[in-house]
2 protein chains.
Amino acid sequence: METSELRKAGLKATLPRLKILEILQANKDDHLSAEDVYRLLLEEDEDVGLATIYRVLAQFEDAGLVVRRHFEEGHALFELAEIGPHDHIVCLGCGKVEEFSDENLVNRLGEIAKELGYEMHNHTLVLYGQCSDDNCPRRAKSRPV
Amino acid sequence: METSELRKAGLKATLPRLKILEILQANKDDHLSAEDVYRLLLEEDEDVGLATIYRVLAQFEDAGLVVRRHFEEGHALFELAEIGPHDHIVCLGCGKVEEFSDENLVNRLGEIAKELGYEMHNHTLVLYGQCSDDNCPRRAKSRPV
DNA sequence: ATAGCTGCAAAACCTTTGCAATCAA
DNA sequence: TTGATTGCAAAGGTTTTGCAGCTAT
């Protein structure tokens with residue numbers, strides 16, 4: 001039950017919070033903006049204010065339930081915090097996205113951070129390349145390094 | 001002469017554009033927001049509108065002269081486009097951004113891509129952590145890994 | 001001369017906040 | 001009951017845009 005997840009985070013199990021959690025779980029492969037969550041809730045006839053969504057997402061972030069990302073766009077995207085692989089490789093030819101994880105690599109990143117005088121909390125890594133699928137159109141835009 | 005850089009990009013060599021280029025070059029180790037550029041220009045008694053700065057930075061971006069980045073904060077940061085890849089580390093406490101590069105790491109990324117069946121062309125990597133500056137407010141939201 | 005550029009002010013966005021009403025425990 | 005939570009509306013901060021005047025070529 002999600003109720004206990006919320007309790008564990010020190011949050012009362014209110015309807016808006018449960019609904020927002022549901023939306024995130026139902027879309028766990030996507031990155032949702034606050035607006036996205038708002039729209040998805042409206043589609044289910046759940047009437048939750050946008051301000052509440054921002055507040056709840058911030059609380060979830062503090063509780064470690066979700067991660068807030070800033071990509072190229074001018075707004076934040078949220079996704080459920082996951083255990084497990086969370087780096088991405090994107091094919092410049094066919095656009096497919098795969099996930100991977102490499103513990104050694106992550107350890108190395110932590111070392112690099114330490115050398116720079118930081119305690120690493122997190123990272124984002126995306127590799128861009130050309131896959132070797134036979135049916136990949138190979139429209140890669142940049143040259144290999 | 002910077003004038004020719006601008007001409008090559010199809011932009012008239014106006015005073016605001018030259019001044020903005022100068023500011024970027026004089027601060028090439030930093031990541032500047034539009035406000036930062038605005039403030040730095042005011043300090044030199046150069047009266048350039050903020051709207052112009054946004055417009056010029058967007059034009060520079062289109063021309064490939066600068067790169068726009070979105071880190072944790074709610075605004076964009078700009079830097080001169082550089083030769084060669086470089087990665088970033090962001091302090092979750094005070095928001096400062098530093099650059100680093102590690103050739104071994106990049107080689108390792110290439111290997112990982114190859115293992116996954118890709119030929120790597122490019123990558124983006126951002127480490128998030130807590131710096132050890134005495135005056136860092138340490139508002140980091142997530143836990144160390 | 002003229003197409004392009006600038007500054008200003010207003011608008012458009014995304015996000016946060018104050019407050020009175022409501023709700024979970 | 002009581003402190004936490006919500007919705008609304010208003011405010012905050014960043015970025016874009018319309019337009020009249022100015023500038024580089």
Side-chain angles (χ1 to χ4, degrees), chain A residues 1-21 23 31-42 45-63 65-78, chain B residues 1-23 31-42 44-63 65-78 95 97 139 141:
Chain A
M1 193 101 193
E2 292 119 344
T3 302
S4 62
E5 268 193 88
L6 291 176
R7 292 253 176 65
K8 219 171 3 175
L11 299 171
K12 286 186 180 173
T14 63
L15 200 65
R17 296 216 256 238
L18 288 168
K19 286 295 172 188
I20 292 171
L21 244 193
I23 290 287
H31 298 178
L32 301 180
S33 67
E35 280 278 339
D36 290 335
V37 175
Y38 182 64
R39 190 173 32 72
L40 289 167
L41 283 172
L42 284 192
D45 288 319
E46 294 294 341
D47 214 345
V48 178
L50 189 52
T52 299
I53 292 173
Y54 276 104
R55 272 185 296 230
V56 168
L57 287 172
Q59 292 157 348
F60 285 1
E61 186 190 14
D62 287 344
L65 275 83
V66 311
V67 178
R68 181 195 303 248
R69 313 245 141 153
H70 291 87
F71 294 116
E72 293 304 286
E73 348 208 351
H75 57 266
L77 297 180
F78 301 83
Chain B
M1 192 105 191
E2 292 118 344
T3 303
S4 61
E5 269 192 87
L6 291 176
R7 292 252 175 66
K8 217 169 8 174
L11 299 171
K12 284 187 181 174
T14 65
L15 201 65
R17 297 216 256 238
L18 287 168
K19 286 295 172 188
I20 292 172
L21 244 193
E22 266 177 36
I23 290 288
H31 300 85
L32 302 179
S33 67
E35 279 279 340
D36 290 335
V37 174
Y38 182 63
R39 191 173 31 71
L40 289 167
L41 283 172
L42 283 192
E44 296 186 2
D45 289 319
E46 294 293 342
D47 216 344
V48 177
L50 188 52
T52 299
I53 293 173
Y54 276 104
R55 272 184 296 229
V56 168
L57 287 172
Q59 291 157 348
F60 284 2
E61 186 189 15
D62 286 345
L65 275 84
V66 311
V67 178
R68 180 195 305 248
R69 311 223 171 239
H70 289 89
F71 297 113
E72 289 299 279
E73 341 215 349
H75 56 265
L77 298 179
F78 300 83
V97 180
R139 297 202 203 81
K141 283 178 183 162

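The figures that follow rest on heavy atoms only: side chains count, while hydrogens, waters and symmetry mates do not. Proteins come first, then strands; the chains are lettered A, B, ... in the order of their sequence lines, and each starts at number 1.
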Could you encode protein contacts along nucleotides 12-21 of chain D as a string, one character per nucleotide from 5' to 3', using B for base contact, S for sugar-phosphate-only contact and - for no contact, with a heavy-atom cut-off of under 4.0 Å? --SBBBB---
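DNA chain C forms stems at C:1-25 with D:1-25, each a run of 3 or more consecutive Watson-Crick or G-U wobble pairs whose two key distances fall under 3.5 Å.
Atom OH in Tyr38(A) sits roughly 15 Å away from atom P in dT6(D) (whole-Å rounding). Look at NZ on Lys12(A): it is 10 Å from P on dG3(D), rounded to the nearest Å. As rounded to whole Å, 11 Å separates atom C1' of dT6(D) from atom CG of Leu15(A).
Listed by chain and residue number, nothing satisfies the salt bridge (Lys or Arg N to Asp or Glu O under 4.0 Å) test with Arg55(B) (two or more places apart in sequence, or in another chain). With sequence neighbours left out, Glu35(B) forms a side-chain contact (heavy atoms from CB on, under 4.5 Å) with Ser33(B), Tyr38(B), Leu50(B). Scored by the side-chain contact (heavy atoms from CB on, under 4.5 Å) test, His31(B) finds Phe71(B), Leu77(B), Glu79(B), His88(B), Val97(B), Glu99(B) as partners (sequence neighbours excluded).
Between Asp36(B) and Phe78(B), every side-chain heavy-atom pair lies at or beyond the 4.5 Å cut-off. A 4.5 Å side-chain heavy-atom check between Arg7(B) and Glu5(B) finds every atom pair outside the cut-off.
For DNA chain C, the span of nucleotides reached by chain A at under 4.0 Å from its heavy atoms goes, 5' to 3', from dC14(C) to dA25(C).
Residue order along DNA chain D, read from the 5' end via each residue's closest nucleotide, puts Asp47(A) first among Asp47(A) and Leu11(B).
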Evaluate the criterion side chain to side chain contact (heavy atoms under 4.5 Å, CB included) for residue pair Val56(A) and Thr14(A); output intermediate values, then yes/no. CA-CA 10 Å; Val56(A) 168; Thr14(A) 63; over 6 Å; no
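With rounding to the nearest 0.5 angstrom, the CD atom of Glu44(B) is 4.0 Å from the CD1 atom of Ile23(B). In this structure, Arg17(A) CZ and Gln59(A) CD are separated by 4.5 Å, a value rounded to the nearest 0.5 Å.
A salt bridge is defined here as a Lys NZ or Arg NE, NH1 or NH2 lying under 4.0 Å from an Asp or Glu carboxylate O, and Lys19(B) with Glu22(B) meets this definition.
The only member of Leu15(A), Leu18(A), Ile20(A), Leu40(A) that meets side chain to side chain contact (heavy atoms under 4.5 Å, CB included) when paired with Glu46(A) is Leu15(A).
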